[in-house]
Amino acid sequence: NAGVTQTPKFQVLKTGQSMTLQCAQDMNHNSMYWYRQDPGMGLRLIYYSASEGTTDKGEVPNGYNVSRLNKREFSLRLESAAPSQTSVYFCASRDLLGNTQYFGPGTRLTVL
Amino acid sequence: GENVEQHPSTLSVQEGDSAVIKCTYSDSASNYFPWYKQELGKRPQLIIDIRSNVGEKKDQRIAVTLNKTAKHFSLHITETQPEDSAVYFCAAAKRNTGNQFYFGTGTSLTVIP
């Protein structure tokens, strides 16, 4: 039982490049979330998927797209990376019975 | 939508003293209030949570209190230890839904040996 996994752990991009951050959970959770965390700031929600087949914007969705591929996987895509997207990205999933939100280990992204 | 405010943003205490972090929320429909601890370079991890039908919950040195009328909840850490040093986040959410969590901006706690 790996919990929530994310790939890659680290990534450096040049401005304008694209990439997809992958997230998977093996806890059979219905809901999944993408956050970004900047130095000295809290967790800001980018997008979330309350259940398979649905996605909704969070607080800071501009510049990002998501895909809920199946119940296990929720990916985050940056189509044209900008330096302002330099951040640590966390994926999370939620157990609706216990209500706990479990976080992945994070992806540290730098855009030059 | 929901708005969660958290205070203080930084807190330093001597080892063995108590630490209290306070949060307020705005949406009376929120009924689940977790607290997360994030150590440097690590992921946030749940340390305690409380539901709106309970006023207080305790787990060893950690306790959370909730005042629904005033819409505020607090984290209490007693007998602090250096390993309690971390950033703590409060959050508000609706139970049994996939809806988003609303996080506070975090409190950086330093326990001085």
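Sequence lines set the chain letters: A, B, ... in the order given, protein chains first and strands last, and positions in each chain run from 1.
Annotation: B:K22, atom NZ; neighbour count of heavy atoms from other residues, nucleotides and ligands within 6.0 Å does not exceed 12. A 6.0 Å sphere centred on CD of B:E15 holds more than 12 heavy atoms belonging to other residues, nucleotides or ligands. The 12-atom threshold is not exceeded at CZ of A:R108, counting heavy atoms of other residues, nucleotides or ligands nearer than 6.0 Å. More than 12 heavy atoms of other residues, nucleotides or ligands lie within 6.0 Å of CG in A:L112, so this atom counts as buried by the packing criterion. Residue B:E83 qualifies as enclosed at atom CD: its count of foreign heavy atoms under 6.0 Å is above 12.
Of the two parts of A:V4, only the backbone, made up of N, CA, C and O, holds a non-hydrogen atom closer than 4.5 Å to a non-hydrogen atom of chain B. B:Q38 touches chain A through its side chain: at least one heavy atom from C-beta onward sits under 4.5 Å away, while N, CA, C and O do not. Contacts of A:N30 with chain B are absent, with no heavy-atom separation under 4.5 Å from either backbone or side chain. Contact annotation for B:P34: neither backbone nor side-chain heavy atoms come within less than 4.5 Å of a heavy atom of chain A.
Proximity of B:F33 to A:N99: side-chain heavy atoms (C-beta onward) are nowhere separated by under 4.5 Å. Residues A:Q37 and B:F89 are in side-chain contact: their nearest non-hydrogen atoms beyond the backbone lie under 4.5 Å apart.
When the side chains of ILVMFWY residues are joined at heavy-atom separations under 4.5 Å, either directly or via intervening members, B:Y102 and B:I47 end up in a single hydrophobic cluster. In this structure, B:F101 is a member of the same hydrophobic cluster as A:F103, with clusters built from ILVMFWY side-chain heavy atoms closer than 4.5 Å. Both B:I48 and B:Y25 are assigned to one and the same hydrophobic cluster, defined by single-linkage of ILVMFWY side chains at heavy-atom distances under 4.5 Å. By the criterion of side-chain heavy atoms lying less than 4.5 angstrom apart, applied directly or through intervening Ile, Leu, Val, Met, Phe, Trp or Tyr residues, B:I21 is not grouped with B:V87; the two fall into different hydrophobic clusters. Under the 4.5 Å side-chain heavy-atom criterion for grouping Ile, Leu, Val, Met, Phe, Trp and Tyr, B:L75 is not connected to B:Y32 through any hydrophobic cluster.
For the set A:G104, A:G106, A:A92, the entry with the most heavy-atom pairs within less than 4.5 Å of chain B is A:G104.
With hydrogens and angles ignored, the 3.5 Å screen pairs no side-chain donor or acceptor of A:R94 with any backbone N or O of B:Q100. Distance alone, capped at 3.5 Å, is enough to place a donor-acceptor pair between the B:Y36 side chain and the A:Q101 backbone.
Here the shortest heavy-atom pairing between B:R43 and A:F90 reads CA-CE2, 3.7 Å.
Of residues 42-73 of chain A, those residues lying under 4.5 Å from chain B by any heavy-atom pair are A:G42, A:L43, A:L45, A:Y48, A:A50.
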